[in-house]
Engineer: 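Below: one structure in structure tokens.
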There are 2 protein chains.
Amino acid sequence: MLRVDTIDHRIISCLMANARSSYADIGNVVGLSAPAVKRRVDKLLDTGVLRGFTAVVDPEQLGWGTEAFVEVHCRGNVSPSDIQNRLEPMAEVMAAYTVSGAADAIVHLRAASIHHLETALERLRAVEIIDRTVSTVVLSRLLDRPPAP
Amino acid sequence: MLRVDTIDHRIISCLMANARSSYADIGNVVGLSAPAVKRRVDKLLDTGVLRGFTAVVDPEQLGWGTEAFVEVHCRGNVSPSDIQNRLEPMAEVMAAYTVSGAADAIVHLRAASIHHLETALERLRAVEIIDRTVSTVVLSRLLDRPPAP
DNA sequence: GGTGAAAGTGCCACCAC
DNA sequence: GTGGTGGCACTTTCACC
């Protein structure tokens, strides 16, 4: 793990605001030349601080407007990597976390419709290591921010 | 609201995989020339299907590795926009949703440490419209995917 | 970390369908 | 309305200082 200084943070902020901005533009903001910015970005990508660049889409307009959070309770003792391997092939799984408290994991599902969500939940519950699930359907997205600097 | 055809979807997929790929590269994948791709991307941005381009960072390595999901229960009847206005100024709020079930909202918090998370939770509970909260601390991130095509 | 030059890209006007 | 072409400015990317 390496040191990420103030200039790196400002470069990351620029790229989070607009991942397609040019190295020259970023350089004007942070006070560096374009090649210097590129060298820092390449290093941040190499070390994994920056994982990549992606487009932010409106799931609603693409027809993936139905979301739910699912508490997953497993039978017996299950390792996090077990759960991870089971969830990875499911396209509807946006994110998953092991958590404190009664549940073993929280799974963030996104689907095209309530019906699609239902089938995804059925497939989730069919996983043998999963004992039971408690799902909470999202009614509206109040806030959705990209990660902070 | 406009029509988003198959080619648009494939362009969006390319940009989600790498928001910094060139229009020519995308064109090679979807079978269009670079200017044709740019025109479609510009239109998708105009209409809001594409909201922008952002860098994907590893929160762990940036020192924002502590996460929690918080069920928020409000007193009386509170409108979603009320909750939204209260949460918007909090930097630790990554996302928030109104949900079905007993809770009024689910708030996704991200903080630099357990102590930072604690102070964020205190500020959340200090909001007068909020009656009580039930928080679930994330132990590990099993999966974290950018939105699907 | 900056500079300069070569290769690649973005972006626009214009044309064809 | 769609998509393709050509040309010029800008960007990326390298070696070198």
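Atom set for the values below is all heavy atoms of this structure, side chains included, hydrogens, waters and symmetry mates excluded. Each chain gets a letter, A, B and so on, in the order the sequences are listed, and its residues count up from 1.
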Engineer: Of all residues at least two apart in sequence or in a different chain, which pass the salt bridge (charged side-chain N to carboxylate O under 4.0 Å, His left out) check with A/Glu128?
Structural biologist: A/Arg86
Engineer: Parallel, tilted or perpendicular: which fits the ring planes of B/His108 and A/Tyr97, with parallel below 30° and perpendicular above 60°?
Structural biologist: perpendicular
Engineer: When the distance from CG of B/Leu32 to C1' of C/dA16 is rounded to whole Å, what number comes out?
Structural biologist: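 Rounding to the nearest Å, CG of B/Leu32 and C1' of C/dA16 are 15 Å apart.
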Engineer: Is any side-chain heavy atom of A/Leu87 less than 4.5 Å from a side-chain heavy atom of A/Leu124?
Structural biologist: yes
Engineer: Between protein and nucleotides 12-17 of chain D, map the contacts as a letter string: B base, S sugar-phosphate only, - none, heavy atoms under 4.0 Å, written 5' to 3'.
Structural biologist: SBB---
Engineer: If only side-chain N and O atoms of A/Lys43 are considered, is one of them under 4.0 Å from the OP1 or OP2 phosphate oxygen of C/dG1?
Structural biologist: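 For C/dG1, neither OP1 nor OP2 has a side-chain N or O of A/Lys43 closer than 4.0 Å.
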Engineer: Hey, which of these two, A/Asp25 or B/Val37, hits DNA chain D nearer its 5' end, going by closest nucleotide?
Structural biologist: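 Closer to the 5' end of DNA chain D: B/Val37.
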Engineer: Flag the pair A/Val57 / B/Val49 as yes when at least one side-chain heavy-atom distance between them is below 4.5 Å, and no otherwise.
Structural biologist: no
Engineer: How many whole angstroms separate atom CD1 of B/Ile11 from atom P of D/dT2?
Structural biologist: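 Answer to the nearest Å: 12 Å.
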Engineer: How about A/Val134 and A/His73: do any of their side-chain heavy atoms sit closer than 4.5 Å?
Structural biologist: yes
Engineer: ring-ring contact (aromatic ring centres under 6.0 Å, His included): which pairs involve residues 113-140 of chain A, sequence neighbours left out?
Structural biologist: A/Trp64-A/His116
Engineer: Roughly how many Å is it from CD1 in B/Ile26 to P in D/dG3, rounded to a whole number?
Structural biologist: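 After rounding, the reported distance stands at 14 Å.
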